[in-house]
Peer 1: 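Sharing a structure, written as C-alpha cells. Questions coming.
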Amino acid sequence: MRILGFQIRATGPSVPARRAGRLVWLGLPTLAALPLAIGTLAASEPVRRLRIGVQRDSAPLAFVNTAGQPDGFTPALLQEAARIGGFEVELVPGWWRNLLSDLADRKIDVLADTVITPERKQTMDFSIVHTTTSGVVYFRPGATPLRRTEDFRGRRLAGLGGTIALGHALSHPEWGATVVRYDSLKEVLDATARGDCDGAIFTSILGAKVSDTTGLRKILVEDIVHSYHLAVPKGDSETLALLNEALARLKHNGTYDRLFARWIGPIEPRPVRWTGILTYAIPATLLILGLAGVIAWQRRMLATVGRHAAALRQSRQELEDTNEKLEEAIARANHMALSAELANSAKSTFLATMSHEIRTPMNGVIGMTGLLLDTPLTAEQRTLANTVRQSAESLLTIINDILDFSKIEAGQLKFEANPFDLREVIEGCLASIAERAHSRNLELVCRIAEDVPLHLVGDAVRFNQVLLNLAGNAVKFTHHGEIVVAVSQTFLGARRVRLRIEVRDTGIGLSPEQQAILFRPFVQADRSTARKYGGTGLGLAISRQLVERMQGEIGVESTPGVGSTFWFTADFPLQESPPPTTALPAASAGTRALVVDDNASSRDALLAQLRTWQVPAAASADGAAAVAELRRAASTGEPYSVVFLDQLMPGLDGLELARAIKDAPSCGQPRLVLLTSLGQNLERTELDLAGVGRCLVKPVRHSHLLEALRDATPGAKPSPAVIEQPTTRQLDLNVLVAEDNPVNQNVTRMQLRKLGCRCVVVENGAAALAAVQRGGYDVVLMDGQMPEVDGFEATRRIRAWEQERSHRGGAPAPIRIIAMTANAMIGDREECLAAGMDDYLSKPVRPAELAAALARSVPPARERSALQPAAVAAE
C-alpha cells in the first residue's frame, strides 16, 4: 500500500522491530506522521495467523520433543515459511486421525504432511510438494536386489505398522507381493535377516534413521515416490496461495535444502555400520601404540580408505543413475498418459461422427420401409420389404453394440435408479420379439415365480437390454420348439432382492469349447466361414459387463442339439411404497378356468398366472380332452366359467374347438378366450360365429389376462369379441419439422400424417425460429445439425424470444420442442435438454417412439380417447 510517499505493509496492532524494516522511506520531509500511518494501517490489516496441524510421532518429519513442543523438519519449515511469508503459525500437534477430523471441522486451518488421494481431493485442496521421499528396501546380502515394484511379484515384504510405506504397499495388490505387518522395527529387520521375508520396505526418510545391526543391504526402489503436501479445506484459495508463495521462496533461497540436510540428510544406499568401524578401530589403536607397525597399518588404512572412496563414488553414481531413470520413467508415463488421452478423445470423436453419419440414412431406410409395409403389397413385395427392414435393424443393432461397448470401455456408461415394474419390463421385452418367434412357429413363454417382488428400483433399460439380448439370441438359434423366460428370487431381504433370470431354448446348443469363449468381445460360438447366424459377438460381452454393474453374474448351461439355458442374476432395492396389487372383484370368487394348450410350458405359465388371483384352474393338452373335462365339470354342478383356447393345436385348432364347445350345451357354455400369435388376422364375424368373446396375443400379458377374467365373472354382461391388436393413437397437432435431409423430411412428414398430425417442414434453425414467431404450432421436431443455424442455437433463440415476450406480459405457454437427432452418444440427451429442448428422440425414429413423444405434447383439452386399429389408420 502506498500512502503519501510511504510503501507500507500492515503488520497488526503493533509493529515489532523485525517488521519495522518493511517501511521504505521515499522522501517525506519529516518522520512525524510515520507512527500514525503505521498504527492506522496496522489496525485495518492484522497479521494472518494460521493453525497448522502436525503429527505427534512421525520423526524426522514431525514429532513432539522432550520439552513437549512440535519439532522436526516440517515444523522448522513452517516457521521459516511464516517468517518469509508475513504470517504467523500456531503448530497444533496431534494424532493423524484427529487432525483429519479437526481440518474437516475447521478447528485447524492447514494439515501438514498430507498425501493426495482421490477421496481427499473431494474435500481438500493441496499445496505444492513440500517434501518428497522414495521407497527403500532392506534385503539380505547375496539376495536379488528389489530395484522396482515389478521385482516384488511373488515376494514377501515386511512392513512396520503405521508407516506410510506399509499403507502404500497394502494399497497396491497389483505388485503381486505378500505384505506382512510387524509392530516393531526390530521384528521387521530380524524377519528379513532370518529369511522369513525377502525384504523390508520403508520410505527413504525413515530408512535414513533405521539402525541396522543385522548386516542387511539397502537399496532405493526406482518407481516408488511419496510426495507430501500442505492441505487446506476445499475452496480456501487465499490460504493456499499464501502457503505456495512461501514454500516456493524457501526452495529458491536455499532454506529448504538447509533444513532438509539438518533433519533428514542424504539417503545412503549402503549405511555405515558400527561393525565396520570397530574392524578398523583396533588396527588404528595398534598404529598409535606400536611404532613398529606404523607404516604397515598406514598402508592398510590408506588402501581401506581408497576402497571406501571408490565405493562411495560408485554409490553416488548409482544414486544419480537411479534419479535419472526415475525422471525418464516419469516423463515416459506422462507421455503415455497424454497419448492415451488423445487416443481416447480421437476414438470418441470418430465413433460419434460415424454414429451420426450412419444413423441419418438409417432413419430413411427404416422409416420408409416401415411406411412401405403399411401399404398393400404382394406377397413377394412384402417379403422383400421385410428383408430390407430386418437387415437395417441388424445393422442398427451392430452400431448400438459398438457404441455400448465403447462406452463401457471408457467408463462412461451410467446406470439410473428409478422405480419400475418387473413384470411390465419382461412382458414388454418379450412383446418386442414375439413376431420373430411366432414367424418361426416358436412358443414364447414367460414364468415369474409367485414369491418374486415386482416393484423394484434400478435401471430398467439396462435390465431390458440384457434380457432382450439373451431372448433375441434364443430366437436366432432356435428353429423349432419353445423359448421360456423364467424368473425366480434367490435372496429376499427387507430392502433388497436378488433375482435369477433364465432364458431356456430348444435350439442348436453349445459345446463346452464354445461355452468357454462365449462372453468374450468380438468372439462368436459359430466361427465358420459361412457365419450362418451373423452378428458382432459383442452382445454377450456387453451383457456380462452390464450384469456385473448390477452386482450379478451371467452364465450358460447347454447341450449340443438339445438346447441352452442362459441365466443371469441381478440385485435390486425394493420400492419403499409400492403401488397396490390389482385383484379380481369379489364377484369373481366363483370363477373357474380351463386352459387348453398342447405346449406344456405355455399351459404351466398360464396356470401360474391364474393362481396369483386364487382362480381354480385345470388344463388339457388337446381338444378332445378339453370337451370331456367340460362335460364332466358341468355334470357335477361345477362348470368352468372361462376357457382359454390356444389357436395353433394339432387336431382341433382353437376356433374349431370353440365351435364344438358352443354347439354342445353339455359343456356348460363358458366364456371362450382365444390365444393367438402376433400377426394372425382373425375376422370379427368368424370369432362371433365360434362364440369367442376375446382374443389375447401370446405371451399373454398379466393385465390382459386380468381383463379377460373380469369379463368371465359370473353374471357379467356378455360383450362382443375383443381382438387385442396393435393400435395407433390419432393426434390432433400442428407440428413444425426442422430437418435439412430431404429423405428424413419425407419420412417424418409421412409418419406424422399417419398419426393424424399436420406438419410444415423447414430446412434450418433460422427458418424454424421465424416459423415459431409467426405462431400456429403445438410442437417442434428439431434436428441437431443443420446449416446456417443448428438446432441447439435455434432452440436457445426461441427460448430467449419467449422469455422476452413473457416480460412484456400476456405471452402464451412455451412451445414444446422435441430433439430428433442422430447424436446418440453419452451426454447428447443432456446437451439437448440443456439447450432448452423438452424431449429427445434418437434416429432412426420408430413410429411408436414418435407417437409417445407427441402424445406427451397433446394439450389436455384436446386429448382424444378413441383408439383406432392400425390397419384403419394407415394410409
Peer 1: Hey, could you give me the CZ/CD distance between R462 and E416, rounded to the nearest 0.5 Å?
Peer 2: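 R462 atom CZ to E416 atom CD measures 8.5 Å (nearest 0.5 Å).
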Peer 1: Please report the closest heavy-atom contact between R500 and T490, naming both atoms and the distance.
Peer 2: CB-CG2, 4.0 Å
Peer 1: Got a second to check how far L606's CG is from R447's CZ, nearest 0.5 Å?
Peer 2: 11.0 Å
Peer 1: For R816, is there an ion pair with D839 - N to carboxylate O distance below 4.0 angstrom?
Peer 2: yes
Peer 1: Given side-chain contact (heavy atoms from CB on, under 4.5 Å), test D622 with M649 step by step and report yes or no.
Peer 2: CA-CA 7 Å; D622 55 58; M649 291 190 296; 5.9 Å; no
Peer 1: Taking only Lys NZ, Arg NE, NH1 and NH2, and the carboxylate oxygens of Asp or Glu, determine whether R694 and E707 approach each other closer than 4.0 Å.
Peer 2: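 Counted as a salt bridge, because a side-chain N and a carboxylate O are separated by less than 4.0 Å.
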Peer 1: Enter the distance from T591:OG1 to L610:CG here, rounded to the nearest 0.5 Å.
Peer 2: 10.5 Å
Peer 1: Is a donor on one side and an acceptor on the other found under 3.5 Å between the side chain of T559 and the backbone of V562?
Peer 2: no
Peer 1: Would you call R603-D597 a salt bridge at under 4.0 Å N-O?
Peer 2: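 Answer for the salt bridge query: no.
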Peer 1: Check the pair V475 / I483 against side-chain contact (heavy atoms from CB on, under 4.5 Å), numbers first and verdict last.
Peer 2: CA-CA 7 Å; V475 173; I483 296 170; 3.4 Å; yes
Peer 1: Mind listing the closest non-hydrogen atom pair of A626 and S620 along with its distance?
Peer 2: CA-OG, 3.6 Å
Peer 1: For T748, is there any backbone N or O sitting under 3.5 Å from a side-chain donor or acceptor partner on R753?
Peer 2: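 Side chain of R753 to backbone of T748: no pair is present.
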Peer 1: Do V452 and L499 have side-chain heavy atoms sitting under 4.5 Å apart?
Peer 2: yes
Peer 1: E424 side chain to D421 main-chain N or O, any donor-acceptor pair under 3.5 Å?
Peer 2: no
Peer 1: Does any non-hydrogen side-chain atom of P670 lie less than 4.5 Å from one of V642?
Peer 2: no
Peer 1: So, do R671 and S641 sit near enough that their side-chain heavy atoms are less than 4.5 Å apart?
Peer 2: no
Peer 1: Of all heavy-atom pairs between R496 and L574, which one has the smallest distance, and what is that distance?
Peer 2: N-CG, 4.1 Å
Peer 1: Taking all non-hydrogen atoms of both residues, which atom of V503 and which atom of A471 are closest, and how far apart?
Peer 2: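 Shortest heavy-atom separation between V503 and A471 comes out as CG1-CA, 4.0 Å.
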Peer 1: For K662 and L689, indicate whether the former's side chain and the latter's backbone hold a donor-acceptor pair under 3.5 Å.
Peer 2: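 Yes; judged by distance alone, with no hydrogens or angles, the pair exists.
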Peer 1: Using the rule given for side-chain contact (heavy atoms from CB on, under 4.5 Å), can you reason through F644 versus L672, listing the C-alpha separation, both sets of side-chain angles and the distance that settles it, and then say yes or no?
Peer 2: CA-CA 6 Å; F644 297 95; L672 303 180; over 6 Å; no
Peer 1: Knowing that exactly one of L510, N473, I501 qualifies, which makes a side-chain contact (heavy atoms from CB on, under 4.5 Å) with F566?
Peer 2: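 Output: one option passes, namely L510.
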Peer 1: Compare all side-chain heavy atoms of D598 with those of D646 and state whether any distance is below 4.5 angstrom.
Peer 2: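 Answer yes - side chains close enough.
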Peer 1: Judged by atom type as modelled, is there a donor-acceptor pair below 3.5 Å linking the side chain of D505 to the main-chain atoms of S564?
Peer 2: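 The answer is yes, because a donor-acceptor pair under 3.5 Å joins these two groups.
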Peer 1: Are L752 and L854 close enough that some pair of their side-chain heavy atoms sits under 4.5 Å apart?
Peer 2: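 Yes, side chains in contact.
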Peer 1: Considering non-hydrogen atoms only, spot the tightest contact between L444 and P699 and give its length.
Peer 2: O-CB, 3.5 Å
Peer 1: Could you grab the distance from atom OG1 of T676 to atom CD of Q647, nearest 0.5 Å is fine?
Peer 2: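 T676 OG1 to Q647 CD: 7.5 Å, rounded to 0.5 Å.
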Peer 1: Could you state the interatomic distance from CG (L430) to CZ (R701), rounded to the nearest 0.5 Å?
Peer 2: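 L430 atom CG to R701 atom CZ measures 9.0 Å (nearest 0.5 Å).
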Peer 1: Within the side chain of H438, is there an N or O that forms a donor-acceptor pair under 3.5 Å with the backbone of A434?
Peer 2: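 Yes.
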Peer 1: Could you tell me whether the side chain of S602 and the main chain of N599 form a donor-acceptor pair under 3.5 Å?
Peer 2: no
Peer 1: Does anything in residues 623-633 pair up under side-chain hydrogen bond (donor to acceptor under 3.5 Å, both in side chains), and if so which pairs, sequence neighbours excluded?
Peer 2: E629-R632, E629-Y640, R631-S666
Peer 1: Distance from L655 atom CG to L645 atom CG, nearest 0.5 Å?
Peer 2: 9.0 Å
Peer 1: With a 4.5 Å limit on heavy-atom distance, are the side chains of L706 and W613 in contact?
Peer 2: yes
Peer 1: Between S558 and G509, is there a donor-acceptor pair closer than 3.5 Å when you use the side chain of the first and the backbone of the second?
Peer 2: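 Pair absent, no side-chain N/O of S558 close to backbone of G509.
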Peer 1: Taking side chain as C-beta onward, heavy atoms only, is T612 less than 4.5 Å from H702?
Peer 2: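 Side chain of T612 against side chain of H702, heavy atoms only: contact under 4.5 Å found.
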Peer 1: Would you check, one step at a time, whether the test salt bridge (charged side-chain N to carboxylate O under 4.0 Å, His left out) holds for R856 with D838?
Peer 2: CA-CA 10 Å; R856 293 190 288 270; D838 301 289; over 6 Å; no
Peer 1: Under 3.5 Å, side chain of R498 to main-chain N/O of L492, donor-acceptor pair present?
Peer 2: no
Peer 1: Can you find a pair of side-chain heavy atoms, one from I448 and one from I426, that are under 4.5 Å apart?
Peer 2: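 When only atoms from C-beta onward are counted, I426 and I448 do touch, with a gap below 4.5 Å.
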Peer 1: Counting N and O atoms only, with roles assigned by atom type, does the side chain of Q551 sit under 3.5 Å from a partner on the main chain of R549, one being a donor and the other an acceptor?
Peer 2: yes
Peer 1: Judged by modelled atom types alone, do S601 and E482 share a side-chain donor-acceptor pair under 3.5 Å?
Peer 2: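 The answer is yes; a qualifying pair exists.
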Peer 1: Check whether more than 12 heavy atoms from other residues, nucleotides or ligands sit under 6.0 Å from atom CD of E576, and answer yes or no.
Peer 2: no
Peer 1: Could you pull out the closest heavy-atom pair between P847 and Q751, with the gap in Å?
Peer 2: CG-NE2, 4.0 Å
Peer 1: Applying side-chain contact (heavy atoms from CB on, under 4.5 Å) to L456 and V497, what does each step give before you reach the verdict?
Peer 2: CA-CA 9 Å; L456 310 175; V497 64; 3.8 Å; yes
